[in-house]
Amino acid sequence: MAEFDYDLFVIGAGSGGVRASRVAASHGAKVVVAEEHRVGGTCVIRGCVPKKLLVYGSHFAEELQDASHYGWTVEGMKFDWNVLRDTVLRDVDRLEAAYISTLDTNRVEHIHERATITGPNSVKLASGREVTAKYILVAVGAWPVMPDFPGNEHCITSNEVFHLPSLPKRVVVQGAGYIAMEFAGIFNALGCHVTVVNRSETLLRGYDQALRDRLLQITMARGIDYKFNSPISKVEKLEDGSLMVTAGDHDPIPADVVLVATGRSPNTTGLGLETAGIALGKKGEIPVDAFSKTSCDSIYAVGDVTDRVQLTPVAIREGHAFADSVFGGTPRSVDHDLVPSAVFSQPPLAAVGLTEGQARYLHGNVKVFTSDFRPMKNIFASRPERGLYKLVVDDGTDKVLGVHMIGPDAPEILQAVAIAVRAGLTKADFDATVALHPSMAEELVLMR
Ligand code: NDP
């Protein structure tokens, strides 16, 4: 008889967990995955995917506004939130089914129950069933943080925002990070009045200052109000059901929806990690080594729960590397350097590598090249918004250390240029590449 019920017990069927499960199974392991919510996890069910569809949906506002300059007359234009919301939710259902089918095809058993760890090789399901496994992989992700203030029960997070019963007229967004800036853009484009309130004096901390300034300038011109140094101190619900938000020393801000987007913390509460001797980090994260192994030899963790880089493609790589290392006989770790990222704000921004500030700190002498341009399609549509691309280059080696972009399609362009940065190409390599004309991306090889 086998020593354990399974070779691998995965807790969490999100991006990292599903990838690890199917790859481990393809290496011949007997695998089971437990998920307490829906298969697909944050990215598919209540994150990247439905968010991107809302960005597409709301972006039509800009296209339709600009269409008249291109000869189009659009009569009777109107927007129906319920249609967009329900279509997006149906697509989420479709993707969840696809994920389940992937598990089935790869002979990964799946259980729709919460699982908690009871020891180095054992897990207890919500139904009371005890299961043993040679290895346990924790891939439970992260959960939105709700700061403690009176009336926070009237606020929503990114978990609920996809299910709004109607389009609010006035939205207050707390936070100025990824989720805040993406939803501020969506609601603003859909015609809602948006106020962004943040505890600090900045937005999108970590991105290059020039891009952040440009995003602030464009979104203010589009009608988004900002209140910095103004954490929410209370939210009151009025008799008519509307909300009144007190933030900083500003007059109370009326709102129909208050979206709180103040970070996501690892989902480790009550997971039983202490029964295997695993101590959590300061933010509740599971500390792991380069191979995603915890302090317990039989327990690994990947994705947001480890709080390394909270991005889906990183979780997927970590899950894949774990399965190859433990079950495929090819140990490998994931390089967390030069991970490209994007914010699907309107306009979007994207970056890879060092910001100008980081490069100056780490490398001393750096050269900075910028292209501050008005995209052709904006000029034609009398849209004043300008794009900004920035290359940060090591003065000594000529190596491109960072690329930062804001403007239409910036994430699509950045993915390709991230290959060049990853390959360690120099500014001279960029210069030697012939421009593709007319495009916005050609700016990348024309900066002198
Ligand atoms: P972020 O970390 O991006 O931003 C958090 C924001 O909330 C910041 O503006 C921060 O202020 C503020 N904040 C943090 N803590 C508090 C607090 N206790 N009270 C008041 N304000 C606070 O978090 P998000 O929730 O936007 O997103 C979570 C993660 O999800 C991101 O870090 C990202 O990794 C991932 N994500 C990625 C996306 C993408 O790739 N496009 C899209 C959405 C999410 P400040 O920093 O100014 O002090």
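As the structure lists them, so they are numbered: ligands from 1, and atoms in each ligand from 1. We number each residue from 1, following the sequence as shown. The structure presented is a predicted model; accordingly, all values stated were derived computationally and were not measured.
- Taking atom 19 (N) of ligand 1 as the reference point, the nearest protein heavy-atom neighbour is P147 CG, 3.8 Å.
- For D409, there are no side chain to side chain donor-acceptor pair (under 3.5 Å) partners two or more places apart in sequence or in a different chain.
- Protein heavy atom in closest approach to atom 21 (N) of ligand 1: T262 CG2, 3.3 Å.
- Closest approach of G175 to V196, counting heavy atoms only: O-CG1, 3.4 Å.
- Side-chain contact of D429 with T426: a donor-acceptor pair under 3.5 Å is present, judged by distance alone.
- Contact annotation: for C48 versus ligand 1, there are no heavy atoms closer than 4.0 Å.
- For E318 and H336, the side-chain atoms include at least one donor-acceptor pair closer than 3.5 Å.
- Across the listed options T157, I179, T42, I179 owns the non-hydrogen atom lying nearest to atom 44 (C) of ligand 1.
- For the 3.5 Å distance criterion, the side chains of N188 and H193 fail to qualify, holding no donor opposite an acceptor.
- Atoms of ligand 1 lying under 4.0 Å from any heavy atom of Q174, numbered from 1 in the order shown and given with element: 20 (C).
- Against a heavy-atom cut-off of under 4.0 Å, K51 is close to the following atoms of ligand 1: 41 (N), 42 (C).
- Assignment of A342 to the shell around ligand 1 is supported, since a heavy atom sits closer than 4.0 Å.
- When only non-hydrogen protein atoms are considered, atom 6 (C) of ligand 1 lies nearest to A261 O, 3.6 Å.
- In this structure, the protein non-hydrogen atom closest to atom 17 (C) of ligand 1 is R199 NH1, 3.8 Å.
- With a heavy-atom cut-off of 4.0 Å, N198 touches ligand 1 through its side chain alone.
- Pairs of residues two or more places apart, or lying in two chains, that qualify as salt bridge (charged side-chain N to carboxylate O under 4.0 Å, His left out) and include a residue from residues 164-176 are R170-D256.
- Taking the centre and axis of the six-membered ring of F344, the NZ or CZ atom of K51 falls outside the cone set by 45° and 6.0 Å.
- A donor-acceptor contact closer than 3.5 angstrom links the side chains of H250 and S230.
- Polar contact check, L311 against ligand 1: no nitrogen or oxygen pair lies under 3.5 Å apart.
- Given atom 35 (C) of ligand 1, the protein heavy atom at minimum distance is Q310 O, 3.5 Å.
- With respect to atom 1 (P) of ligand 1, the closest heavy atom belonging to the protein is G177 CA, 4.0 Å.
- Under a 4.0 Å heavy-atom criterion, E201 is not in contact with ligand 1.
- For the pair A350 and L211, the tightest heavy-atom approach, listed with the atom from each and the gap, is O-CD2, 4.1 Å.
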message: I'd like to know whether L401 forms a side chain to side chain contact (heavy atoms under 4.5 Å, CB included) with Q358, so could you lay out the CA-CA distance, the side-chain angles of the two residues, the decisive distance to 0.1 Å, and finally the verdict.
response: CA-CA 10 Å; L401 302 172; Q358 290 166 336; over 6 Å; no
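- Residue G263 places a heavy atom less than 4.0 Å from ligand 1.
- Between F327 and Y135, a ring centre-to-centre spacing shorter than 6.0 Å is recorded.
- Of all the atoms in ligand 1, the ones that sit under 4.0 Å from a non-hydrogen atom of S200 are 45 (P), 47 (O), 48 (O).
- Checking R205, M181, R264 against atom 30 (O) of ligand 1, the nearest heavy atom belongs to R264.
- Between R374 and E385, no side-chain nitrogen of the basic residue sits less than 4.0 Å from a carboxylate oxygen of the acidic one, so the salt-bridge criterion is not met.
- Atom 9 (O) of ligand 1 has A176 N, 2.8 Å as its closest protein atom, hydrogens excluded (heavy atom only).
- Shortest contact from atom 39 (C) of ligand 1 to any protein heavy atom: Y178 CD2, 3.3 Å.
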